[in-house]
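Below: one structure, written as structure tokens.
Order of the sequence lines sets the chain letters (A, B, ...), proteins ahead of strands, with each chain counted from 1.
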Amino acid sequence: MHDIRTIRADGAGFDAAMARRGLLPVSADLLERDAARRLAQTALQEKQARRNALAKLVGEGRRKGADTSALEAESTTLRDDMAALEQNAAALDGEIRATLERLPNILDPDVPDGRDETANAVVKQTGTPRDLGFEPKQHFELGEALGLMLFEPAAKLAGARFTVVRGALARLERALGQFMLDLHTTEHGYQEVQVPLLVNDATMYGTGQLPKFAEDLFRTTDGRWLIPTAEVPLTNLAAGDIVTEKSLPQRVTALSECFRSEAGSAGRDTRGMLRQHQFRKVELVSVTKPEDSEAEHERMTRAAERVLELLGLPYRRMLLCAGDTGFSSVKTYDLEVWLPGQGMWREISSCSNCRDFQARRMNARYRSTDGKTVMPVHTLNGSGVAVGRALIAVMENHQQADGSILVPEALWPWTGGMERIASR
RNA sequence: GGAUGGGUGGCCGAGUGGUUUAAGGCAGCGGUCUUGAAAACCGCCGGGGGUUCACGCCCCCCGUGAGUUCGAAUCUCACCCCAUCCGCCA
């Protein structure tokens with residue numbers, strides 16, 4: 001949510017920022033309504049002041065036993081005028097708000113121009129795709145051959161975009177999640193949190209899923225929403241709070257199920273478990289002072305990269321272009337992992353700095369140590385990393401010619417020493 | 001699902017129609033004292049908005065929304081949330 005004052009200060013600059021997102025100018029219309037709103041509000045407040053004064057006079061008059069009927073009559077006539085002005089101001093305020101809450105965040109100057117993912121920039125690459133010495137298989141070929149990754153039963157139970165994983169592969173996925181969680185809590189300073197997977201409207205609004213992206217979400221019959229990422233509950237932990245400057249930064253992480261309707265991606269990635277209605281993800285969320293968010297963004301992205309490095313997975317860090325950067329983000333790094341079976345780099349993590357955009361929506365603030373100012377915090381979120389996709393990446397990168405899969409050594413403590421997954 | 005009790009500033013908590021301009025405490029900030037710290041004492045100290053070059057002045061906010069009234073934290077209605085007990089339940 002944008003501060004109308006920044007638009008007042010530089011409407012042309014704001015329009016230029018929105019143009020980078022491919023949006024038409026809105027500042028002139030907004031400022032016109034803003035001026036009208038303030039006019040109505042000022043007039044209303046003058047009448048409220050008069051009413052307050054009259055009420056005081058009536059009170060004093062009655063105590064003395066004086067006739068106050070003239071004062072009361074004036075106050076009564078004020079009421080009608082006030083109601084009209086109040087309605088006018090509230091309507092304009094609602095219109096301004098309705099526009100503002102659907103406008104995306106202002107992009108960081110670092111973000112390259114571009115309409116889609118083809119304009120994303122490679123920031124760096126770590127590890128190189130290895131020549132396995134044989135024709136690599138895709139994860140679902142490996143999984144089905146092992147008899148441990150099943151799509152027919154999932155379709156029977158729930159439909160398309162679900163997967164049943166069994167046995168050693170199920171254990172491997174569980175190990176991946178535990179490994180990531182333990183890494184971030186013990187080495188990267190994040191506190192583990194268990195969060196609700198069902199949340200209310202206000203929570204979805206706070207992180208920016210609502211009101212614009214309801215069609216991407218699942219809704220329950222009692223009006224709640226299934227979280228598409230733990231970013232939603234983790235970030236909203238700060239909603240409505242004023243915290244002390246000293247308590248920042250706050251870093252939290254959760255391993256959670258995520259639910260996405262995948263509306264609009266019909267036909268994409270239909271084979272395998274790359275794009276599911278339900279998947280697990282370890283999420284990282286940081287709340288910082290404004291001046292710290294940029295450094296925190298790098299730090300968080302490094303934390304996610306560390307996961308891939310320890311798993312021996314080649315990856316590259318992408319800086320998303322204007323057209324590919326999400327609604328709430330000013331700057332996003334995607335981590336793309338190499339999938340030998342697919343022969344492609346695929347997203348496995350996305351780390352975003354939202355600055356004060358979500359904080360304003362959810363009214364999350366901090367008080368400076370000198371007690372003088374209260375300001376919105378900055379919020380950041382990143383996958384650290386997607387567990388289901390990590391399972392795919394481990395399977396495809398560590399597959400052997402015989403169709404077995406070597407378990408990365410980093411996972412052994414969580415796999416009970418299981419070092420290889422093979423059919424038996 | 002049923003019953004009862006609640007929701008007041010960063011936190012706790014008083015406040016049942018008009019000196020509430022929301023008491024008091026805690027925390028925080030500044031100061032006195034001290035080698036330093038603590039304690040004690042003194043002062044400052046909620047949020048949002050309008051207006052003003054500024055000082056300041058004004059308006060709104062006591063869970064949310066309607067209503068009654070000259071006037072509402074206080075009265076009425078609806079809704080939301082929390083706690084406890086009962087029922088059901090992993």
Under a 3.5 Å limit for both distances, which nucleotide forms a Watson-Crick or G-U wobble pair with U68(B), could you say? none

Describe the nucleic acid contact of Val374(A) in one word from base, sugar-phosphate, nothing, applying a heavy-atom distance below 4.0 Å. sugar-phosphate

Among pairs that include at least one residue of residues 405-424 of chain A, which meet ring-ring contact (aromatic ring centres under 6.0 Å, His included), considering only residues two or more places apart or in two chains? Phe179(A)-Trp414(A)

Sub-4.0 Å heavy-atom contacts from residues 71-80 of chain A onto RNA chain B, ordered by number: Glu72(A), Ser75(A), Thr76(A), Arg79(A)

Using atom P of each nucleotide, how far apart are G65(B) and U16(B) to the nearest Å? 24 Å

Whichever of Arg51(A) and Asp370(A) has the more 5' nearest nucleotide on RNA chain B, that residue is Asp370(A)

Results of salt bridge (charged side-chain N to carboxylate O under 4.0 Å, His left out) for Glu231(A) - residues two or more places apart only: none

Base partner of G28(B), which must satisfy Watson-Crick or wobble distances under 3.5 Å: C44(B)

Write down the distance separating the C1' atoms in G15(B) and U21(B), rounded off to the nearest Å. 15 Å

Any residue meeting side-chain contact (heavy atoms from CB on, under 4.5 Å) with Gln87(A), in chain and number order, not counting sequence neighbours: none

Given the side-chain rings of Phe14(A) and His2(A), with only the six-membered ring counted for Trp, is the space between their centroids under 6.0 Å? yes

Regarding Arg50(A), tell me which of base, sugar-phosphate or nothing describes its non-hydrogen contacts under 4.0 Å with the strands shown. nothing

Taking ring-ring contact (aromatic ring centres under 6.0 Å, His included) as the cut-off, I'd like each qualifying pair that reaches into residues 38-85 of chain A, sequence neighbours left out, listed once. none

Apply side-chain hydrogen bond (donor to acceptor under 3.5 Å, both in side chains) to Glu305(A) and list each qualifying residue two or more places apart in sequence or on a separate chain. Lys124(A), Arg302(A), Arg317(A)

Can you list the residues that meet the side-chain contact (heavy atoms from CB on, under 4.5 Å) rule with Ala145(A), with sequence neighbours excluded? none

Excluding sequence neighbours, so at least two apart, what forms salt bridge (charged side-chain N to carboxylate O under 4.0 Å, His left out) with Arg251(A)? Glu296(A)

Does Arg8(A) reach a base, just sugar-phosphate, or nothing at all? Heavy atoms under 4.0 Å. sugar-phosphate

List the steps and the verdict of salt bridge (Lys or Arg N to Asp or Glu O under 4.0 Å) for Glu74(A) and Arg50(A). CA-CA 10 Å; Glu74(A) 185 187 348; Arg50(A) 177 63 184 158; 2.8 Å; yes

Would Asp113(A) and Arg20(A) pass as an ion pair if we require N to O under 4.0 Å? yes

A27(B) to C12(B) separation - C1' atoms, rounded to the nearest Å: 10 Å

Where does the chain A footprint on RNA chain B start and end, counting 5' to 3' with a 4.0 Å heavy-atom cut-off? G10(B) to G71(B)

Pairwise C1' distance, C42(B) and C59(B) [rounded to whole Å]: 34 Å

Integer angstrom distance from the P of C11(B) to that of G48(B): 14 Å

Is there a Watson-Crick or G-U wobble partner for G1(B) with both distances under 3.5 Å, and which nucleotide is it? C86(B)

Centroid separation under 6.0 Å, is that true for the rings of Phe279(A) and Phe259(A)? no

For the P atoms, the ones on C81(B) and on G28(B), what distance do you get once it is rounded to whole angstrom? 35 Å

Partner residues of Gln250(A) under the side-chain contact (heavy atoms from CB on, under 4.5 Å) criterion, sequence neighbours left out: Val243(A), Ser247(A), Leu248(A), Val287(A)

For A66(B) and A72(B), measure between their C1' atoms and round to the nearest Å. 14 Å

Quote, to the nearest angstrom, the C1' distance that separates U20(B) from C60(B). 16 Å

Can you list, by residue number, the residues of residues 202-210 of chain A that have a non-hydrogen atom closer than 4.0 angstrom to RNA chain B? none

Nearest-nucleotide check on RNA chain B, Thr369(A) vs Thr373(A); residue mapping nearer the 5' end is Thr369(A)

What's Gly59(A) touching, base or sugar-phosphate or nothing? Going by heavy atoms closer than 4.0 Å. base

Only counting residues at least two apart or in another chain, list the ones meeting side-chain contact (heavy atoms from CB on, under 4.5 Å) with Thr325(A). Arg21(A), Leu107(A), Val111(A), Leu320(A), Ser329(A), Thr332(A)

Under 4.0 Å between any heavy atoms, over every strand shown, what does Leu54(A) touch: base, sugar-phosphate, or nothing? Just pick one. nothing

Scan Asp241(A) against the nucleic acid and name what it touches under 4.0 Å (heavy atoms): base, sugar-phosphate only, or nothing. nothing

